[in-house]
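Each remark here refers to the structure printed beneath this line.
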Amino acid sequence: MEEYLDPVSKGSHVSRLGPLDKVHAFWFSGMSCDGCTVTVTGATTPSIEDLLTGSHPGLPQIVLHHPVVNLESGPNFLRAHERALRGELNAPYVIILEGSITDETAAMETGGYWAGNGDEPWGADGEERAVTADEWIARLAPGAAASIAIGTCATWGGIPSADGNPTGAMSMMDFLGQDYRSAFGLPVVNVPGCAPIGDNFNETVAAILYFLQGFGPLPEFDEIGRPAWLFGETVHRHCVRGAYYEEGSYAQEFGDPECLVEIGCWGPVVNCNITSRGAINHVGGCMNAGGACIGCTMPGFPDKFTPFYKVPPGSAVSTAASRILGSLIRPMRLYTNEHLNREVRWDLHHDVPSGWARGKQEPGRLKEAGHRIYDKLRRSNDTGKADVAPWGKRHEWTYERDPARERTLPGGTDRNTAERGAE
Amino acid sequence: MSMDPVTRIAGALALHVTADLSEGRHLNVHSQAPLFRGYEVILMDRDPRDAIFVASRACGVCGGVHSHAAAYAVEMAWGLQPPPLGTVIRNLGEAAEMGYDNPLHLYLLAGPDYSEAVVKRTNPELWPKAEKWSCPGQNFHGFDTMADLMAALNPLTGELYREGLHFTRVAREQFSLLHGKYPHPQTIVPGGVSTTFTLQTLNEFQSRLSATFDYAQRMVAVWDDISEFFYEADERYKQVGARRANLIDPGYWDDPYAYDATYANCNEWGEQRPSTPGVVIDGELVTTRLTDMNMGLEEFVEHSWYDEWVDGDQRYDTDPLGNPLSPYHPWNKRTLPRPGAKDFRGKYTWACTPRWDRQTVEAGAYARLLMTALAQKHPPSDFYEATGHSLRMRVPKGMQPEAEFEWDVPEVWNAFERNRGRAYHYLFSQLVSLQNVVLAHQLLKRGEDRVAAVNDKELERRIPKDERLGVGWWGAGRGWLTHHCVLDQGKIVNYQICTPSTINASPRDPFDQPGAYEESVLNTPILERIAEPNDYTGIDMVRAVRSFDPCMPCTTHLHTGHGTIVREINTCACDG
C-alpha cells in the first residue's frame, strides 16, 4: 500500500509545512464493533483519503496499518508491526485502539482467548500460538509517539464492560495504567463516543500533527485525556432544543420538538459536542433528530445511564425550577415576539394586509402602550437622536410625521377611491 | 503443496486453508471467528428498554440494523404496534443504510480485488485483454475499456473508489437526519421512533436520495461489466465462490399498514414486505412464511467455544402458535461461552452454526432480490416488478435519462453474481426509499404525524410483567438478521442474535456440512499466476469470501509454510 501510494503521497517540505514526511499508524480492533472505523471513514475535516494520500497541506502522510485499507500487494500487516517493534520503521508511529481490552487471564483458565489478534510461531517444533489484542498493545505502546483510544470501548470500557460482562473488558487507560507515557511523553489520548464523531478523531490527530510539525499550538487535553476543545462543553449548552428547557417546555410524546429531558435525555450533564458539530458533515446529531442523550461519550456509560428512557430522577428538581422560570419568561417573549412580527407600517395603520392573517386581532391599547414605553426605553441611548443637524439630508415626508399622508400618495387608498369615483 | 496453517491477526474472522497449488485447488478450509464480545450475556437481566441501545453496539458496520431488529423483537413481546409514519421512518433510515452499505462493500472492500493494482499483480495475463475490451455499459458508467474501469477501482486514488466513499457519506447524512447519527442510531424506540419529523427533514432526505439514482445506474453497469469481462476471459471464474443455491431471507422494510408487531399475523405482514421473505433450497422457493423460517432455525455449537445447553430441559416445545420448536431454536438456546484451544476436529470458532431445516443456507443482500423475484408477492409498486425469474426496476431520470434495468436470477451463485446482485440491490433499496418518501408525504398530508405507539411514561407503565416471547426478523447489508428475546417479570431473561455473518461464516455443523464461506472456498479454483509458492496471494479465495460481504474485510493471512503471512480476512460475525 505504501509503495502503491508513493506517486501521490510524496511531498516537499513546503507542501507539508514541517519536518515530518510520514507517520505510521497501527490500528487495533480489540473488542470493537468496527463502528469507530466506520465513523472515521465518514469524517471530512480532514478526510481519511486526504490523510492517507498525504494530500492535506500541513500534514505528513499517514501510513495506516488497518484492515480496511490494506491492499494485499502492499507490505503485509504483521511485518510492519514487527519492524516497529524492532525500531526499524523509517518514521515515528502511533497506535490506535478501537474496542475494549479483554482480560485474557480469565480466558486462559480454560485454555483459550477472548480476542485473538494473530498467531505467531512459538515453541521448538514451530507450533503456533495465538497473540491477543492486548498483547500487541503492551508491546507497541512504549515505543509509540502517541497512544490514542478511539470510541467509548477503548476510552472507558464501554458496552463490553457493562454489568454482566464475562470478558473483563476494560479501557486502554485502565490497561496501561497511570504511569504510562508514550515515547513523546504523552499519556493515553482519549476520543470517546459510541460511535464517536469521526471528525473529532481526525481533528485530534491533525491537531497533534500540526503541533509536531512545528506550527500548531499545543493541543489541550483535560484531566482524563479528552481533547479539551471538543469535550469541554455539555450536550445541552449547544443543544438546538436547549432553549425549550429554559422556557420550561418539554417533549411529552416521542417526536415532539421540545426539550427531551423528560423522555430520558442526559444532555445537561454529558460532555459531548454532537449538538454543535452534527454527526457527519454537520448533519444530524442525536437531539437535532429527536434522540435523547444516553451518555455514550461518558466514562459512566452504559450502567450509570440505564435503564434508558427512564427520566433521570435528578432532572425533576431542575425541570421544576425551569417550569417556574419559564412560566414568567415565556409570556414575556411571546409578547415581544408578536410585536416584532409586525412592520412599523402595520402598527401605524393598525392593520396587517396579509391574506394569511384575515381576522387577526390588532393588539389592544394596553399592549400598544407597553410597546411604546418599551421603545422609548430601548432607544434611550440612541445617539441617532442627538441634537445635531444632518448635513445634506432633505426633509421629506415620513410616516412618523404624517401617517395619513400615505393614503393620498399615488396608489394610496384615498386616491384610488377618488379616481374610481371620477370614472 | 500444503498451505497450512492459515492464520489471521486482526478482526473477527480467519480462514484456515489448505491448498494444492499445482492442481489449483483448495483442499480444506476452516472459517474462524476469533472474537467474543458477550452481547447476549450482557443483555440478560436487563430492562427491555435497554435492548435497542445495547444490541445496536453488536455491530458498527451495520450500524442501524441491530437497533431495528431489537425494536421489532421487543415490541412484539410488548405488544406495541408502531403508527404508520413510525414504520415509514424506519424504512427510510434502513434504505439509507443500504445506500451506505452497498457502495462501502462494492468499492472500498471488494472493489480493490478487481482493480488495476491487484489484477496486474495476480493475473498479469488479464491486463492486455482488459485494455482491449470495450465496456458494453459505457453509456451508463463512462469508461471506454475494462482497463479504465479497473484503474478507477484502485484504492484511494481511483475515481470509483472515491465516488463510493462520497456516496457512503451522503447516505449516512440521510440516516443521521432521521436517527441522529451513524452508526448506533439514537431515535429507535419500542413501538416506533422518536424522530422529530418535519417537512425539512423529509426534504433534506429526499434531495440527497435524488442524487443516488444516476449513481445507481452507474453502479449496476460497472458490476455487470466486471462479471462479463471475467467470464469471457476465463470460464472458470464462474466457479469462484460458487455454491449451491441455498439462500434465506426474512424480508426487509415493512408495509406501514400491514405491520402490526404480532407473531400471530407475521405471515400476512411478512408477505406484504417490499422485499419478500423466503427460503430457496437448490434453486427452488420452498416457503415465504416467517413462521416456517422461524421453526426451521437452529443453532449448533459443536465446533464453537460454547457449552452445550440441551439437557432435556427445553423451555419451549412450540412457538406461540403451537408450531414445534427444536431444542436448538434460539428461544431455547443459551449462550454459555467457554474459551478453548483451536482444534479443527473440535471447537475452533466463536461463531455458532445456524442452519435452516438442517441445511447450510446463505444470507446476503442479493437474497432479497431472489426471494422477491421468485415469489411475485410484493405489494404493487411503481418502481419494480417481479417476473418469477427476474426483477424489473424502473429508475427515475436524473441527469441520466429514465431507464429500466432487469436483474435475472443467476444460473450459478458465485462471487461475481453476489457482487452484481449487490449492485442491483443498491438500486432496489433506493427505489424502496423513494416509495417510502412518497408514503411519508401522503401521511403528512393526511395529518398522520404520530411516530410512536406510546409515549415515554406509558412505555414504562406497560412493561409486561408476565412471560413474553419476541422475534425481530430484519435484514442487514449482508442479509438475514434476527433477534429473539424472552422477557419475564419485566426483564430480559434470554436474548439471541443471529446475524448474516454468523450464518455465512459458520463452521462445520454436527452433520459435517461446511459453512457457506467454507463451501464456497472449497469450490474455488486457483486462477492466479503463481511462479513460486511465495507469490500466492489467495486472491481467488478472497474474492470468493469477500463476495459475501463480510463486514470489514481486509486481508487474509496465509502461511505458506515458510512463515510468510500473505493476507488476512476479517469479518464481523457479531454474534454473542
Side-chain angles (χ1 to χ4, degrees), chain A residues 4-5 8 29 31 33-35 37-38 41-42 49 52-53 67-73 76-78 107 110-119 121 128 159-160 162 164-167 194-195 252-255 257 263-264 279-281 283-286 289-291 294 306-310, chain B residues 7 9-11 34-38 41-42 44-45 47 49-50 53-54 57-61 63 112 117 121 155-157 169 172-173 176-181 183-184 186-187 189 192 194-196 305 337-341 451-452 455-456 459 537 551-552 554-555 563 565 567-568 570 572:
Chain A
Y4 160 74
L5 286 173
V8 282
S29 289
M31 289 176 86
C33 71
D34 287 336
T37 297
V38 164
T41 63
E49 59 269 33
L52 301 191
T53 53
V68 178
V69 290
N70 240 28
L71 196 63
E72 89 282 10
S73 57
N76 73 64
F77 222 67
L78 250 188
T110 51
Y113 52 84
W114 301 115
N117 217 349
D119 285 359
E128 302 278 321
I159 294 247
N165 128 60
T167 56
C194 186
Q252 298 305 313
E253 302 291 331
F254 291 123
I263 64 167
I280 177 169
N281 279 337
V283 177
C286 310
I294 58 167
T306 54
F308 301 123
Y309 289 121
K310 189 172 169 57
Chain B
T7 55
I9 56 167
L35 173 65
F36 175 73
R37 292 185 306 144
V41 184
I42 290 169
M44 258 184 268
D45 276 333
D47 190 305
R49 286 175 292 180
D50 293 355
F53 286 128
V54 173
R57 269 72 184 176
C59 183
V61 181
R121 178 178 163 196
L156 292 164
T157 55
R169 289 180 180 139
R172 281 182 273 182
E173 287 172 20
S176 300
L177 283 165
L178 304 175
H179 299 310
K181 63 192 178 55
H184 310 323
Q186 204 64 25
T187 59
V189 298
S194 71
T195 308
T196 305
W305 288 311
R338 184 174 302 279
V451 293
N455 68 15
D456 186 65
L459 199 61
T537 62
C551 273
M552 271 293 161
C554 16
T555 35
I565 289 159
R567 294 193 67 165
E568 178 216 355
N570 172 2
C572 95

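Chain A is the first sequence line, chain B the second, and so forth, proteins listed ahead of strands; every chain is numbered from 1.
For B/Leu178, the part lying under 4.5 angstrom from a heavy atom of chain A is the backbone only. Heavy atoms closer than 4.5 Å to chain A are found nowhere in B/Asp45, neither backbone nor side chain. When heavy atoms are compared at a cutoff of 4.5 Å, B/Asn455 approaches chain A by way of both its backbone and its side chain.
Summarising the geometry of A/Val283 relative to B/Ser176, their closest heavy-atom pair is O-CB, 4.1 Å, with the distance given to 0.1 Å. Contact between B/Gln186 and A/Tyr309 at its shortest, heavy atoms only, is O-OH, 4.0 Å. The minimum heavy-atom distance between B/Ile42 and A/Ile159, with the atom names listed, is CD1-O, 3.4 Å. In terms of heavy atoms, A/Ala289 sits closest to B/Gly180 at CB-N, 3.4 Å.
No other option in A/Gly290, A/Gly284, A/Pro257 has as many heavy-atom pairs under 4.5 Å with chain B as A/Gly290. Residue with the most contacts toward chain B among A/Gly264, A/Ala195, A/Gly42: A/Gly42 (heavy-atom pairs, distance under 4.5 Å). Listed options B/Leu459, B/Val451, B/Thr195 were ranked by heavy-atom pairs under 4.5 angstrom with chain A; first place goes to B/Thr195. Taking A/Ala162, A/Gly285, A/Ala279, A/Gly164 one by one and counting their heavy-atom pairs under 4.5 Å with chain B, the maximum is reached by A/Gly285.
For the atom pair A/Thr306 OG1 and B/Phe53 CZ, the distance stands at 12.0 Å (nearest 0.5 Å). Rounded to the nearest 0.5 Å, atoms OG1 (B/Thr157) and CD (A/Glu49) are 11.5 Å apart. For the atom pair SG of A/Cys194 and NZ of B/Lys181, the computed distance is 6.0 Å after rounding to the nearest 0.5 Å.
Without hydrogens or angle criteria, B/Arg169 side chain to A/Thr41 main chain gives a donor-acceptor distance under 3.5 Å.
Residues B/Val54 and A/Phe308 are in side-chain contact: their nearest non-hydrogen atoms beyond the backbone lie under 4.5 Å apart.
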### Check against side-chain contact (heavy atoms from CB on, under 4.5 Å), B/Arg172 and A/Val38
CA-CA 10 Å; B/Arg172 281 182 273 182; A/Val38 164; 3.6 Å; yes
